Enquirer: 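Structure in structure tokens, see below.
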Amino acid sequence: MIVSCRDVTVAYDSKTAVDHVSFDIDQGQYVCIVGENGSGKSTLLKSILGLVPLKCGSVSFGPQVHRKRLGYLPQQTTIRKDFPASVFEVVLSGCLNRCGARPFYSKADKTLAAQHMERLGISDFKKRSFIALSGGQQQRVLLARALCATDRLLLLDEPVTGLDPLVTEELYRLIEQLNRELGVTVIMVSHDISQAVRYADKILHINQSLLFWGDTAEYVNTEIGKRFLKCS
Ligand code: ADP
Ligand code: MG
């Protein structure tokens, strides 16, 4: 087990966004969280990240991950608009939680950032301004940044939104490679159910409460899976 959610419940004011959700994710799995708009997908991801307070329930991690070292790619990042930094600086900022009390990046941090940029094919524009890049390039940079925070568990919230089909396909392949080759556990929120069932081992379908949690092969044969696949 790498992440375990027990009875996770989150409410904004009095409105419940995630309702008594429980599941365990094993190391190396590729999980897609699917559901309608407003069904609580992003909130569930944030509850794993500790970014929203739980009304009840708990989230725990296996010994292989540190709560402060999770790789996160937020939905429609505001980082994009107000990040006057170079590509290298953005990637390197993923190492922040490794620094601890150190007020600077170490040589090892920089080497790690360089390795992840190489892996994601963005080394050539390391000195360029992040905001000047295309949407697909920016997502690669943010993925490299997330990898600097962890090589164990990536949490991605709709990472392909707004990208054209070719770039979307490339990004999906990269994420699949990270999962298959590096063994990174992937938890991805996706509105694209047809892609989700192509890549993910497991599907988590929510509408506040959990509607389905299990193998993708099983999901596509359930009523809810069939209905959701048909209408999207
Ligand atoms: P999804 O990602 O599936 O579209 P969200 O988790 O973003 O859904 O939102 C679930 C519900 O919680 C929605 O009704 C949304 O309006 C509400 N919500 C999300 N974030 C906040 C917030 N910060 N404050 C108040 N309500 C929120
Ligand atoms: Mg969302």
Side-chain angles (χ1 to χ4, degrees), residues 3-25 29-59 67 70-83 135-136 138-143 145-146 149 153-164 167-168 171-172 175 185-200 202-214 216 219-220 222-232:
V3 188
S4 175
C5 289
R6 288 269 90 56
D7 248 1
V8 167
T9 302
V10 180
Y12 296 109
D13 300 320
S14 57
K15 192 170 170 289
T16 301
V18 173
D19 197 9
H20 294 283
V21 169
S22 299
F23 58 90
D24 291 329
I25 293 175
Q29 283 181 335
Y30 188 142
V31 176
C32 270
I33 301 176
V34 302
E36 312 281 341
N37 272 337
S39 59
K41 304 183 296 297
S42 295
T43 303
L44 181 60
L45 211 59
K46 286 180 192 165
S47 67
I48 296 173
L49 287 152
L51 297 175
V52 288
L54 304 185
K55 190 176 165 197
C56 76
S58 62
V59 176
R67 196 174 274 277
L70 305 172
Y72 177 41
L73 205 82
Q75 183 172 15
Q76 293 152 12
T77 50
T78 45
I79 198 183
R80 194 165 287 180
K81 293 183 203 90
D82 45 28
F83 225 76
Q138 286 186 340
Q139 287 303 74
R140 282 178 185 238
V141 172
L142 294 178
L143 200 53
R145 175 179 187 265
L153 179 59
L154 279 179
L155 299 112
L156 314 171
D157 198 344
E158 309 217 5
V160 301
T161 304
L163 303 182
D164 69 45
V167 177
T168 294
L171 202 68
Y172 276 131
I175 294 165
T185 307
V186 174
I187 308 178
M188 184 197 290
V189 171
S190 176
H191 61 274
D192 187 347
I193 180 69
S194 54
Q195 291 292 345
V197 300
R198 252 179 80 195
Y199 290 108
K202 294 244 173 192
I203 299 289
L204 193 157
H205 189 149
I206 63 166
N207 191 7
Q208 279 90 63
S209 52
L210 200 56
L211 300 184
F212 179 90
W213 164 240
T216 305
Y219 177 73
V220 297
T222 58
E223 279 313 307
I224 179 175
K226 283 186 205 160
R227 202 167 351 117
F228 205 55
L229 267 161
K230 207 190 294 171
C231 65
S232 46

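As the structure is a computational prediction, the values presented were derived from the model and not from experiment. Start at 1 and go down the list; that is how both ligands and their atoms are numbered.
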Enquirer: In the protein, what heavy atom is nearest to atom 9 (O) of ligand 1, and what distance, to one decimal place, separates them?
Expert: Thr43 OG1, 3.8 Å
Enquirer: Among all protein heavy atoms, pick the one closest to atom 16 (O) of ligand 1 and tell me residue, atom and distance.
Expert: Lys15 NZ, 4.9 Å
Enquirer: Mind running side-chain hydrogen bond (donor to acceptor under 3.5 Å, both in side chains) on Ser190 and Tyr199 for me, showing each step along the way?
Expert: CA-CA 11 Å; Ser190 176; Tyr199 290 108; over 6 Å; no
Enquirer: Would you say the side-chain atoms of Ser22 pair up with the backbone N or O of Asp7, donor to acceptor, closer than 3.5 Å?
Expert: yes
Enquirer: Short question: side chain of Thr216, backbone of Ala200 - any donor-acceptor pair under 3.5 Å?
Expert: yes
Enquirer: Quick one: the OG of Ser42, the Mg ion (ligand 2), OE1 of Gln75 angle, rounded to 10°, please.
Expert: 80°
Enquirer: Look only at interatomic distance and state if Gln75 has a nitrogen or oxygen under 3.5 Å from any nitrogen or oxygen of ligand 1.
Expert: no
Enquirer: Can you find an N or O of Lys41 that's nearer than 3.5 Å to an N or O of ligand 1?
Expert: yes
Enquirer: Answer yes or no: is there a side-chain heavy-atom contact under 4.5 Å between Leu155 and Asp157?
Expert: no
Enquirer: What is the closest protein heavy atom to atom 24 (N) of ligand 1, and at what distance does it sit?
Expert: Tyr12 CD2, 3.6 Å
Enquirer: Of all the non-hydrogen atoms in the protein, which one sits nearest to atom 11 (C) of ligand 1, and at what distance?
Expert: Gly38 O, 3.8 Å
Enquirer: Does the residue Gly40 have a heavy-atom contact with ligand 1, meaning some pair of atoms that are separated by less than 4.0 Å?
Expert: yes
Enquirer: Between Thr168 (side chain) and Leu163 (backbone), is there a donor-acceptor pair under 3.5 Å?
Expert: yes
Enquirer: Hey, is the main chain of His20 close enough, under 3.5 Å, to the side chain of Thr9 for a donor-acceptor pair?
Expert: yes
Enquirer: Does Glu36 have a heavy atom less than 4.0 Å from any atom of ligand 1?
Expert: yes
Enquirer: Just let me know how Ala17 lines up against ligand 1, side chain, backbone, both or neither, with a heavy-atom cut-off below 4.0 Å.
Expert: side chain
Enquirer: Look at the side chain of Gln139 and the backbone N and O of Pro159, then say whether any donor-acceptor pair between them is shorter than 3.5 Å.
Expert: yes
Enquirer: Can you find a protein heavy atom closer to atom 27 (C) of ligand 1 than 4.0 Å?
Expert: yes
Enquirer: To the nearest 0.1 Å, how far is atom 7 (O) of ligand 1 from its closest protein heavy atom, and which atom is that?
Expert: Ser42 CB, 3.7 Å
Enquirer: What is the distance from atom CG of Leu211 to atom CD1 of Ile203, rounded to the nearest 0.5 Å?
Expert: 12.5 Å
